[in-house]
Amino acid sequence: MPYSIGDRVRFMDSMDDGRVVAVPDDSTLLIEVDGMRMRVSVMEVVPVSSCSLSEEKHLYDANNQISRFKERQRPPVRSVRSGKKAARSSAVMEIDLHLDAVRRKYPAARNIPDSDALYLQLDIFEKSMAEAFRRGVRSVVFIHGNGRGILRGELIRRLKEYPGVDVCEASLLRYGGGAIEVLLK
């Protein structure tokens with residue numbers, strides 16, 4: 001099936017979906033998922049119509065024995081928190097930048113070669129900082145892991161460009177030596 005810009009597609013091995021933002025050729029698509037753009041093969045996605053989740057389940061599960069779609073539990077509707085509870089819930093934001101965690105959260109990221117992993121992690125860092133400022137979070141913990149220190153050094157270098165942030169070690173008891181905490185003023 002030919003895809004066009006704006007089509008909604010779902011990954012065959014997860015419930016994540018996104019929108020087609022470019023069609024470079026007949027075998028690949030550029031898809032945007034949660035603000036991140038990914039290049040994927042057309043064989044890894046299926047088109048999603050505007051029908052409901054129950055109709056989608058019937059289309060893919062009932063008629064296709066090899067489908068991996070599963071019905072997702074919908075979270076209960078809750079009222080918006082205000083006051084002290086809201087401040088506590090938005091106080092700290094944790095971002096795991098380990099490559100395997102990134103690939104679990106963004107299924108199309110598994111197509112990105114390990115040589116480009118640093119760029120992927122830094123892109124997630126930039127988007128997370130923007131989200132933290134937008135939500136008014138007081139503290140962001142970036143879990144980078146213990147390694148050669150390349151990602152950590154690049155995170156600290158980029159954080160120096162942000163006005164009104166302080167960088168310190170995250171809790172050694174909770175994260176070991178592989179995390180930094182960014183305090184937003």
Side-chain angles (χ1 to χ4, degrees), residues 5-6 8-11 13-25 27-41 44-45 80-81 84-185:
I5 296 174
R8 193 171 136 223
V9 294
R10 178 163 293 143
F11 295 99
D13 58 352
S14 75
M15 289 296 290
D16 293 334
D17 62 277
R19 295 241 177 244
V20 176
V21 292
V23 184
D25 55 54
S27 62
T28 58
L29 300 171
L30 190 62
I31 299 174
E32 186 169 320
V33 178
D34 294 333
M36 190 168 100
R37 292 185 177 200
M38 298 173 238
R39 183 178 290 257
V40 297
S41 168
E44 296 179 48
V45 295
V80 177
R81 290 182 175 178
K84 291 181 181 179
K85 286 185 179 181
R88 275 193 302 236
S89 68
S90 66
V92 178
M93 192 167 126
E94 284 185 2
I95 308 298
D96 193 351
L97 294 175
H98 285 96
L99 192 55
D100 58 335
V102 170
R103 287 184 170 152
R104 271 194 312 270
K105 185 170 182 181
Y106 304 102
R110 69 176 177 269
N111 296 334
I112 296 173
D114 288 344
S115 59
D116 293 336
L118 179 63
Y119 302 111
L120 174 66
Q121 292 165 319
L122 290 174
D123 185 48
I124 291 170
F125 158 76
E126 296 288 344
K127 287 181 167 82
S128 299
M129 284 298 292
E131 179 71 12
F133 280 115
R134 187 185 68 76
R135 287 178 30 195
V137 175
R138 288 184 288 164
S139 174
V140 182
V141 176
F142 290 101
I143 305 168
H144 53 73
N146 293 324
R148 295 181 301 179
I150 295 170
L151 177 60
R152 176 188 174 86
E154 190 63 28
L155 290 175
I156 292 172
R157 186 186 72 74
R158 290 187 181 209
L159 283 167
K160 288 179 182 177
E161 299 172 5
Y162 284 91
V165 299
D166 288 328
V167 180
C168 60
E169 282 291 323
S171 169
L172 289 173
L173 292 174
R174 183 166 181 178
Y175 303 104
I180 58 174
E181 185 171 7
V182 181
L183 303 171
L184 307 176
K185 295 179 184 177

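Index from 1, following the sequence.
Residues Leu97 and Phe142 share a closest heavy-atom pair of CD1-CD2, 4.0 Å. Closest of all the heavy-atom pairs between Val141 and Ala170 is CG1-CB, 4.1 Å. Taking each heavy atom of Pro24 and Leu29 in turn, the nearest pair found is CD-CA, 4.1 Å. Taking both residues in full, the closest heavy atoms of Val140 and Ala132 are given as CG2-CB, 3.5 Å, listed atom of the first, atom of the second, then distance. Between Ser139 and Glu181, the shortest heavy-atom distance links the atoms OG-OE2, 2.5 Å. When all heavy atoms of Ala101 and Asp96 are compared, the pair lying nearest together is CB-OD2, 3.6 Å.
In Arg157, the CZ atom is crowded: over 12 heavy atoms of neighbouring residues, nucleotides or ligands sit closer than 6.0 Å.
For the side-chain contact (heavy atoms from CB on, under 4.5 Å) with Leu118, the qualifying choice from Leu120, Leu122, Asp116, Asp114 is Leu122, the only one to do so. Checking Arg39, Glu44, Arg103 one by one against Asn111, the side-chain hydrogen bond (donor to acceptor under 3.5 Å, both in side chains) holds for a single residue, Glu44.
In this structure, the separation between CG on Asp123 and CD1 on Ile112 is 8.5 Å, given to the nearest 0.5 Å. Atom-to-atom distance recorded for Ile143:CD1 and Ile180:CD1 is 11.0 Å, nearest 0.5 angstrom. Separation of atoms NE2 (His144) and OH (Tyr175) is listed at 11.5 Å; rounding is to 0.5 Å. To the nearest 0.5 Å, atoms CD (Glu154) and OH (Tyr119) are separated by 9.0 Å. Distance check, rounded to the nearest 0.5 Å: CZ of Arg135 to CG of Leu184 gives 11.0 Å. Residue Ser128 holds its OG atom at 5.0 Å from CE of Met93, rounded to the nearest 0.5 Å.
A search for side-chain contact (heavy atoms from CB on, under 4.5 Å) contacts involving Val33 returns Phe11, Ile31, Met38, not counting sequence neighbours.
Counting heavy atoms from C-beta outward, Val165 and Lys185 have side chains that stay 4.5 Å or more apart. Counting heavy atoms from C-beta outward, Leu30 and Val23 have side chains that stay 4.5 Å or more apart.
Note on ring orientation: taking the six-membered ring where Trp is involved, the planes of Tyr162 and Phe125 are perpendicular (angle over 60°, cut-offs 30° and 60°).
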Exercise for review: Apply the test side chain to side chain contact (heavy atoms under 4.5 Å, CB included) to residues Leu183 and Arg138: give CA-CA distance (whole Å), side-chain angles for both, the deciding distance (0.1 Å), then the verdict.
Suggested key: CA-CA 6 Å; Leu183 303 171; Arg138 288 184 288 164; over 6 Å; no
Review point. Are Glu32 and Arg19 close enough, and set up right, to give a salt bridge (charged side-chain N to carboxylate O under 4.0 Å, His left out), and what steps lead you there?
Key: CA-CA 5 Å; Glu32 186 169 320; Arg19 295 241 177 244; over 6 Å; no
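A salt bridge is absent between Lys127 and Glu131; no separation between the charged side-chain nitrogens and carboxylate oxygens falls under 4.0 Å. Salt-bridge formation is not detected for the pair Arg158/Glu161: no Lys NZ or Arg NE/NH1/NH2 atom is positioned less than 4.0 Å from an Asp or Glu carboxylate oxygen.
At a cut-off of 3.5 Å, with distance as the only test, no side-chain donor of His98 or Asp100 sits close to an acceptor on the other residue.
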